[in-house]
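Given the structure is predicted, the values throughout are model-derived calculations rather than measurements.
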Amino acid sequence: MRRLLPLSLGLLPLVACAPAPAQSQSQSQTASQAGVAAPADPGFRAAFAPEGVAWVSGGRACVARVPSYRVTCPNLPPAVDVGWNGGDAWAALPGLGAVITLDRAAQTVQVGRVVALSNTRAYREDGSAVTYAGAAARGVIGAPSAAITGGGGQDYVLLGGKLLRVEGGAVLENGAGPYLRAGPTGAKSADVPGVDTDFGSYRLVGGELQRLDAAGSVVGRLPHGPGRVGLVGGDVVTVSPQDQVRVFGLDLRERGRD
């Protein structure tokens, strides 16, 4: 178990009023390429960033970093979501009312009962939010089913079947799909897991990983089971609920591990 976890069980010195963790809390470092999948399957979520991919499946949180993508699953209480901030992969542990790093330097921050993580903040059951440093942040009214930091560094949530931009509370979509997708300039909902880029998109649908061009036409495909897909630097990365991580080039040619 992470070294600082016992503190969260009793002393919890890293409470919301504590100073920020030693690692940088830059919000823009990973915003343009990271994404968190919405809980169409509430027990399986994933977050992608230039540093790697993190996911939670059945309460177990894991991380795989570039370039090796070696899977690390620390011994923690049940988690509900994962996110990237300041180069660290974080997991939300509602039973402890805390977020905790999955690898590297052990950090624990008490934030309350969190239901969703983005790259900038943790969202509680009532929609209120807190940063990874423990400071109060803009939230929403009601528990979001998923959150994401899209292109431009702004946060978006799925709430009550709608897609909202957190800043200002604008409703961008009614009848939103069950998944959130990050894109170069923001985020949108979708009916299947995927990620949007300047030159097209990638999605998992119908037992395939598909590449689509800017016009939405399928220009590449290969067999692939259920999972989540996102960009990790120049890699297209997928992860399954069984902790299988696969790495592809932008042309969908599967890559070996370094």
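Within the structure, disulfide bond (SG atoms under 2.5 Å apart) contacts touching residues 86-140 (residues at least two apart or in different chains) do not occur.
Between Arg121 and Val166, some side-chain heavy-atom pair lies under the 4.5 Å cut-off. Side-chain atoms of Tyr156 and Glu173, non-hydrogen and from C-beta on, never get closer than 4.5 Å to each other. Side-chain contact between Leu250 and Tyr202 is present, with at least one heavy-atom pair separated by less than 4.5 Å. Looking only at side-chain heavy atoms (C-beta outward), Phe199 and Asp213 stay at 4.5 Å or farther from each other. The shortest distance between side-chain heavy atoms of Leu93 and Val99 does not fall below 4.5 Å.
By the rule that hydrophobic residues join a cluster once side-chain heavy atoms approach within less than 4.5 Å of another member, Val236 and Leu222 end up as members of one cluster. The cluster map of Ile, Leu, Val, Met, Phe, Trp and Tyr, joined by side-chain heavy atoms under 4.5 Å apart, puts Val130 and Tyr123 in different clusters. In terms of hydrophobic clustering, with Ile, Leu, Val, Met, Phe, Trp and Tyr side chains grouped at heavy-atom distances under 4.5 Å, Val82 and Val63 are assigned to a common cluster.
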- Message: Please evaluate residues Asn85 and Trp90 with respect to the criterion side-chain contact (heavy atoms from CB on, under 4.5 Å), reporting the C-alpha separation (whole Å), side-chain torsions for both, the decisive distance (0.1 Å), and the verdict.
- Response: CA-CA 7 Å; Asn85 181 268; Trp90 295 80; 3.9 Å; yes
- Task: Please assess Gln244 against Gln242 for the test side-chain hydrogen bond (donor to acceptor under 3.5 Å, both in side chains), listing each intermediate value before the final yes or no.
- Result: CA-CA 6 Å; Gln244 181 185 21; Gln242 295 76 37; over 6 Å; no
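Remark: side-chain polar atoms of Thr108 are not paired, donor with acceptor, to backbone N or O of Ile100 under 3.5 angstrom. With Tyr132 contributing its side chain and Gly86 its backbone, the two residues share no donor-acceptor pair below 3.5 Å. No donor-acceptor distance shorter than 3.5 angstrom exists from the side chain of Asp235 to the backbone of Val237, with no hydrogens or angles considered. A donor-acceptor distance shorter than 3.5 angstrom exists from the side chain of Thr101 to the backbone of Ala105, with no hydrogens or angles considered. Counting only distance, with no hydrogens or angles, the side chain of Arg181 and the backbone of Gly150 share no donor-acceptor pair below 3.5 Å. Remark: the backbone N or O of Gly153 is not paired with any side-chain donor or acceptor of Thr149 at under 3.5 angstrom. A donor-acceptor pair under 3.5 Å is absent between the side-chain atoms of Arg124 and the main chain of Arg113, judged by distance alone. At distances below 3.5 Å, at least one donor-acceptor pair connects side-chain atoms of Asp81 with backbone N or O atoms of Leu117. For the pair Ser189 (side chain) and Gly177 (backbone), a donor-acceptor distance under 3.5 Å is present.
Here Leu252 contributes atom CG and Leu209 contributes atom CG; the two are 5.0 Å apart, rounded to the nearest 0.5 Å. In this structure, the separation between OG on Ser240 and NE2 on His224 is 7.5 Å, given to the nearest 0.5 Å. How far CZ of Arg203 is from CZ of Arg211: 14.0 Å, rounded to the nearest 0.5 Å. Rounded to the nearest 0.5 angstrom, Asp103 CG and Asp88 CG are separated by 7.0 Å.
Under a 4.0 Å N-O distance rule, the pair Arg138/Glu167 qualifies as a salt bridge.
When all heavy atoms of Pro94 and Val80 are compared, the closest pair comes out as CG-CG1, 3.5 Å.
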